[in-house]
Amino acid sequence: MSRFLRPEYGTLVPYVPGEQPKGREYIKLNTNESPFPPHPDVVKAAKEAAQGLNLYCDPDNAALTKVMADYYGVDSGCVLMTNGSDEILNFAFVAFCHAKCPALFPDVTYGFYPVFADINRVPYETIPVNDDMSINPEDYYGAGKTIFIANPNAPTGIFLERDRIEEIIKRNPDNVVVVDEAYIDFGGESCVPLTKEYDNLLVTQTFSKSRSMAGARLGMGIANEKIIQDLNTVKFSLNPYNVNSMTGAAGIAAMKNSGYYEQNCRVIIENRDYATRQLRKLGFEVNNSLANFVFAKHKSISGEDIYLKLREKGVLVRHFTPDKIKDYNRISIGTRDQMEALIRALEEITEETK
Ligand code: PMP
């Protein structure tokens with residue numbers, strides 16, 4: 001730490017992204033990326049856009065915003081495109097959380113939420129999830145705080161039905177409820193249609209998972225126009241050119257090829273069902289996930305051992321250290337070949353540790 005750092009940042013614990021390994025080739029199941037490449041039109045669009053990199057990109061991202069608004073059947077003023085969905089989540093902490101209105105989220109959820117709260121110097125509170133890792137919607141009624149719910153939740157993969165989320169939104173009419181739908185395209189039902197009815201709902205989504213564009217950094221928020229105006233005030237105060245020209249063009253091309261991505265999601269869902277069945281046969285407890293990952297705990301081998309032994313065998317999964325989830329590993333769903341390789345490695349591990 002230099003002697004120049006703002007004193008209150010001295011204790012800041014940053015978010016730790018999943019490892020992007022260099023050197024050895026791993027079967028990479030640790031960061032919930034898509035195993036499928038972007039559609040060829042996406043690559044072509046990004047290349048073409050690169051010709052114009054001498055100019056700034058459109059700060060309003062008007063073309064892509066219109067495509068997304070049409071796709072979701074909302075007005076363009078209800079959509080804001082961002083640099084990954086992490087950016088819009090941070091904007092929401094900046095815009096809607098403060099000393100008198102702390103952030104509130106489950107104790108087992110996306111690890112970036114507390115970091116966003118800390119860097120913005122806003123207080124936050126957490127509510128414990130149930131023993132089965134599910135969320136009790138009633139715990140969030142009348143909270144008087146800005147609520148963040150990942151749905152499906154991460155790293156558990158558990159989905160909360162839309163009418164139960166709607167109840168949380170209804171019971172907090174004077175507070176913003178942010179529904180983080182990073183993993184919604186793998187079987188869940190989106191809350192986007194509710195944004196027309198409730199002026200306190202912000203839904204965030206991403207191109208990183210179902211649309212194979214994690215490296216391009218593209219996310220979005222959908223909400224009532226006034227919420228989007230507030231978030232635009234934050235965006236234009238921090239980073240007006242937040243979505244670069246190549247990413248913007250790639251996003252439009254991806255939306256023109258929705259069928260390709262929908263088919264990939266169907267394959268991921270099939271592979272998730274296959275992996276869940278096989279893991280259970282090997283003695284793992286596995287949540288019913290509606291995301292592109294599963295959260296699994298073995299009946300006798302520790303979460304850390306599974307993680308380390310898989311790593312030795314060339315398979316990377318994500319292990320978290322907080323006490324409540326240290327027995328688990330989060331395993332991204334890849335191709336059928338990758339899932340079969342994972343299961344073979346786990347068969348060996350469970351055999352070796354008998
Ligand atoms: N929300 C959740 C729950 C996530 O797991 C992630 C991925 N790490 C994100 C948001 C952010 O994804 P991105 O910034 O790539 O859109």
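One-based numbering, in listed order, for ligands and for the atoms of each. FYI, the numbering just counts along the sequence from 1. Small disclaimer: the values here were computed from a predicted structure and weren't measured.
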What protein heavy atom is closest to [atom], reported as residue, atom name and distance in Å?
| atom | value |
| --- | --- |
| atom 12 (O) of ligand 1 | Ser85 OG, 3.5 Å |
| atom 16 (O) of ligand 1 | Thr206 OG1, 2.5 Å |
| atom 8 (N) of ligand 1 | Tyr110 OH, 3.1 Å |

Check: Could you walk me through whether Lys324 and Asp107 pass the salt bridge (Lys or Arg N to Asp or Glu O under 4.0 Å) check?
Finding: CA-CA 9 Å; Lys324 204 158 175 174; Asp107 64 342; 2.7 Å; yes

Next item on the list: Determine whether any heavy atom of Lys209 lies closer than 4.0 Å to an atom of ligand 1.
Entry: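 A heavy atom of Lys209 does come that close to ligand 1.
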
Next item on the list: Compute both the distance and the angle, then confirm whether Arg336 meets the cation-pi test with Tyr274: under 6.0 Å from the six-membered ring centre, within 45 degrees of the axis.
Entry: yes

Next item on the list: May I ask you to establish whether Arg24 and Tyr26 are in a cation-pi arrangement, using a distance under 6.0 Å from NZ or CZ to the six-membered ring centre and at most 45° from the ring axis?
Entry: yes

Next item on the list: Establish, yes or no, whether a centroid distance under 6.0 Å links the rings of Phe105 and Tyr124.
Entry: yes

Check: Below 6.0 angstrom between ring centroids: does that apply to Tyr15 and Tyr110?
Finding: yes

Next item on the list: Pick whichever of Tyr183, Phe112, Tyr113 has a heavy atom sitting closest to atom 4 (C) of ligand 1.
Entry: Tyr183

Next item on the list: Identify which of Asp180, Asn90, Leu218 has a heavy atom lying nearest to atom 3 (C) of ligand 1.
Entry: Asp180

Can you list the ligand 1 atoms lying under 4.0 Å from a non-hydrogen atom of [X]?
| X | value |
| --- | --- |
| Ala182 | 1 (N), 2 (C), 10 (C) |
| Gly84 | 14 (O), 16 (O) |
| Ser208 | 13 (P), 15 (O), 16 (O) |

Item checked: Residue portion contacting ligand 1 (non-hydrogen atoms closer than 4.0 Å) for Arg217 ->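 Contact part for Arg217 vs ligand 1: side chain (C-beta onward).
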
Notebook entry, point to check: Is any N or O atom of Asp86, backbone or side chain, closer than 3.5 Å to an N or O atom of ligand 1?
Noted result: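 Between Asp86 and ligand 1, an N or O pair is found under 3.5 Å apart.
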
Next item on the list: Fit a plane to each ring of His298 and Phe284, take the angle between them on a 0 to 90° scale, and name the class: parallel (under 30°), tilted (30 to 60°) or perpendicular (over 60°).
Entry: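 The arrangement is perpendicular - the two ring planes meet at more than 60°.
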
Margin query: side-chain hydrogen bond (donor to acceptor under 3.5 Å, both in side chains), that's the test. Do Thr82 and Asn242 meet it? Break it down for me.
Written below: CA-CA 6 Å; Thr82 53; Asn242 61 339; 5.4 Å; no

Note to self: What verdict does the salt bridge (Lys or Arg N to Asp or Glu O under 4.0 Å) test give for Arg266 and Glu262, after you've listed the backbone C-alpha separation in whole Å, the side-chain angles of each residue and the deciding distance to 0.1 Å?
What the structure shows: CA-CA 6 Å; Arg266 283 194 285 274; Glu262 284 159 12; 5.1 Å; no

